[in-house]
Amino acid sequence: MDLGIFCKSTLEQETVDHCFSALFTLGKNPDPSYLDWLMKAWGWTLAVACLGLVIALTLGAIMGTLRTLPTDTPLNRFLIRFSTAWVELFRNIPILVQVLLWYHVIPAFIPALKAFPSYLLVSIALGFFTSARIAEQVRAGIQSLPSGQKAAATALGLTTFQSYRYIILPMALRIVIPPLTSESMNLIKNSSVAFAVSVPELTLFAMQAQEETSHGVEIYLAVTLLYALSAFAVNRVMAHIEKRSRIPGFIVANTEAAAH
Amino acid sequence: MKAGLVAGLFISAVSVHAASATMDKIKSTGAVTMGVRESSIPMSYTTGDSRFDGYHVEICRMILGDIKDKLGMNTLRINYQPVTSQNRVPLVQNGTVDIECGTTTNNTARAKDVGFANTLYVEEVRIAVKANSGIKSIADLNGKKVATTTGTTSVQLLRKHERANGVNFDEVFGKDHADSFLLLESGRADAFVMDGSILAGNIANSKNPKDYKIVGEVLSTEPIAIMVRKDDPEFKAAVNAAIAKIVANGKMPGLWNKWFLSPIPPKNIVVGLELSPATKNAWANLNDKPAEDYNKK
């Protein structure tokens with residue numbers, strides 16, 4: 001073990017003056033150290049993952065909700081078919097293949113996409129892939145509600161939109177926070193596929209830096225730690241949301257109520 | 001210096017009789033294990049059905065033929081052992097592989113663990129571009145996108161070049177060589193910087209090889225050498241003696257022509273890499289200098 005490798009210059013492999021120039025002594029080194037590069041790579045990982053997460057949660061909630069619509073109108077029937085197709089399309093193709101499809105194949109048919117930076121295309125791929133999984137969790141949450149809830153909403157004279165907005169979704173989304181937490185953490189880890197389309201994130205850093213320095217053990221330990229830290233941070237944020245959104249007496253998250 | 005020379009002569013003169021563990025093993029078992037690569041066209045690769053061929057493989061067969069004669073054996077069975085970048089050094093160290101005929105760079109770090117025969121192929125890092133791109137040298141890469149493969153030394157080389165020459169370009173990384181070439185092919189990159197033989201191989205394998213060309217200056221030079229055990233200098237001397245014989249017989253230009261400029265099995269592609277002055281020089285002055293000596297300024 002030689003953690004000094006992180007204070008070495010990425011160009012000359014010699015120890016630099018300011019090991020952590022990226023954050024504290026900005027721009028003091030003529031050449032960045034491996035630690036600087038590691039931090040930059042971490043930033044890319046987080047950027048891709050956060051963007052992907054926003055896309056995944058938004059689309060996942062929409063698609064999952066659409067799948068549970070009543071089948072009474074032609075529009076609803078179309079929306080159900082559309083959301084089912086969405087889920088089946090995006091959860092049946094491996095994530096790495098989807099990323100390469102977005103980067104290499106789809107721009108061949110839609111030239112405008114060639115102008116998109118690769119991190120954006122990866123975020124879209126990650127977001128769509130994860131949205132299919134989130135949609136299924138949201139659907140499961142909605143369908144776990146007693147059917148009386150929906151009937152009561154209709155009896156009150158609420159429209160379908162209103163009953164989802166005020167009755168069904170507020171309850172269902174609280175139920176599915178735990179699986180959404182794992183899905184969000186998965187997305188952080190899945191963002192490692194971004195290396196395949198030259199986003200300079202942690203996995204790319206690991207592969208490249210270990211080839212340059214021959215210190216694979218230290219490099220992979222550092223990268224593992226940062227992935228774990230990022231995923232755990234998401235876990236804490238979601239746990240906080242779960243706690244703050246808790247309503248006593250609801251079918252979920254009533255551990256406190258149960259304890260009393 | 002003189003003592004070293006004398007010792008060298010002594011070793012090569014008595015190598016047949018000296019206690020070489022590898023030679024003893026070859027003599028007693030009647031077999032030798034050659035480390036080969038599965039897909040390093042045209043240096044060392046499989047032609048199907050567990051058969052292996054290539055520039056280095058053929059040279060190794062010649063070397064082993066020479067050693068067989070020296071040992072006075074009638075037949076020598078060659079077992080082929082496919083190796084990878086990760087396991088080639090350990091397999092030579094632990095004796096699984098007697099002679100490795102792949103694409104291993106001779107550098108000082110590896111020379112601590114294994115021995116290298118005299119260099120017969122010098123790899124040059126070059127630039128591949130589309131034939132109609134108008135890029136002729138590294139200076140033309142200013143403001144362009146340059147592809148290379150993640151996890152290779154070429155990435156670092158590009159960074160150093162960018163900094164030293166003030167040429168600003170965007171780097172894009174393929175996850176493997178095929179991916180990097182796809183970046184060039186699909187226009188996501190304007191150039192692909194990599195070992196000359198890999199570039200030539202990818203171009204030869206592409207849909208329209210005429211659409212691409214290798215241009216510009218040599219960015220880096222690395223000796224690729226046959227690898228042998230470290231603790232058996234007698235065997236290394238025997239290998240080097242065989243190499244010297246092959247070179248002295250004038251067989252090298254023909255071998256180059258066969259593997260780099262003519263159609264090769266199994267798909268009859270032509271790699272099309274011209275003999276470089278560096279390789280020619282290595283043949284003329286046989287040596288086992290590591291890569292570090294090549295890139296000294």
Side-chain angles (χ1 to χ4, degrees), chain A residues 8-14 29-34 36-37 40-41 44 96-97 99-111 113-119 121-122 192-216 219-220 223, chain B residues 84-86 89-90 105 107-113 125 145-166 169-195 207 220 222 291-292 295 297:
Chain A
K8 295 224 165 113
S9 155
T10 50
L11 280 186
E12 301 304 331
Q13 310 278 313
E14 278 153 17
N29 292 329
D31 303 317
S33 69
Y34 279 99
D36 295 336
W37 186 7
K40 214 170 153 189
W44 274 110
L96 182 60
V97 176
V99 167
L100 294 176
L101 278 177
W102 277 101
Y103 191 66
H104 287 299
V105 182
I106 301 177
F109 298 104
I110 312 171
L113 277 178
K114 274 197 176 156
F116 277 53
S118 56
Y119 75 89
L121 295 177
V122 174
S192 65
V193 295
F195 94 90
V197 295
S198 97
V199 176
E201 48 74 72
L202 282 174
T203 303
L204 193 149
F205 165 81
M207 296 174 80
Q208 188 55 42
Q210 80 99 18
E211 168 72 24
E212 289 175 16
T213 63
S214 307
H215 282 74
I219 301 279
Y220 278 112
V223 167
Chain B
T84 66
S85 298
Q86 284 77 42
V89 171
T105 300
N107 63 29
T108 45
R110 286 185 188 137
K112 284 181 197 146
D113 301 322
V125 175
K145 287 198 168 113
V146 180
T148 188
T149 307
T150 309
T152 65
T153 44
S154 299
V155 179
Q156 198 178 18
L157 191 68
L158 270 183
R159 275 207 316 263
K160 282 184 182 164
H161 248 278
E162 185 165 13
R163 174 127 168 80
N165 300 342
F169 44 76
D170 290 331
E171 291 166 4
V172 285
F173 305 105
K175 69 175 163 44
D176 49 39
H177 299 316
D179 242 25
S180 300
F181 191 76
L182 183 60
L183 291 171
L184 175 66
E185 194 184 358
S186 64
R188 287 225 173 244
D190 303 296
F192 175 17
V193 171
M194 189 43 61
D195 296 355
K207 270 178 279 177
S220 169
E222 287 190 353
E292 283 77 359
N295 293 311
K297 288 278 145 59

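Computed from a prediction, not measured in an experiment: that's the story for all the values here.
Contact annotation: the side chain of Val172(B) never approaches that of Arg188(B) to less than 4.5 Å [non-hydrogen atoms, C-beta and beyond].
Screening Arg163(B), Glu162(B), His161(B) against Asn165(B) for a side-chain hydrogen bond (donor to acceptor under 3.5 Å, both in side chains) leaves a single residue, His161(B).
Using a 4.5 Å heavy-atom cut-off against chain A, the contacting residues of residues 151-158 of chain B are Gly151(B), Thr152(B), Thr153(B), Val155(B), Gln156(B).
In this structure, chain B has no heavy atom under 4.5 Å from any part of Ser118(A). Contact annotation for Val197(A): only backbone heavy atoms (N, CA, C, O) come within less than 4.5 Å of a heavy atom of chain B.
To the nearest 0.5 Å, the span separating NZ on Lys175(B) from CE on Met207(A) amounts to 9.5 Å.
Around NZ of Lys160(B), the count of heavy atoms belonging to other residues, nucleotides or ligands within 6.0 Å exceeds 12.
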Exercise for the section: Just do the side chain to side chain contact (heavy atoms under 4.5 Å, CB included) check on Phe205(A) and Val223(A) with the steps written out, would you? Expected result: CA-CA 8 Å; Phe205(A) 165 81; Val223(A) 167; 3.8 Å; yes

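Across all non-hydrogen atoms, the minimal contact from Lys114(A) to Ser186(B) is NZ-O, 3.6 Å. Contact detail for Thr149(B) and Ser180(B): the closest heavy-atom pair is OG1-OG, 2.8 Å.
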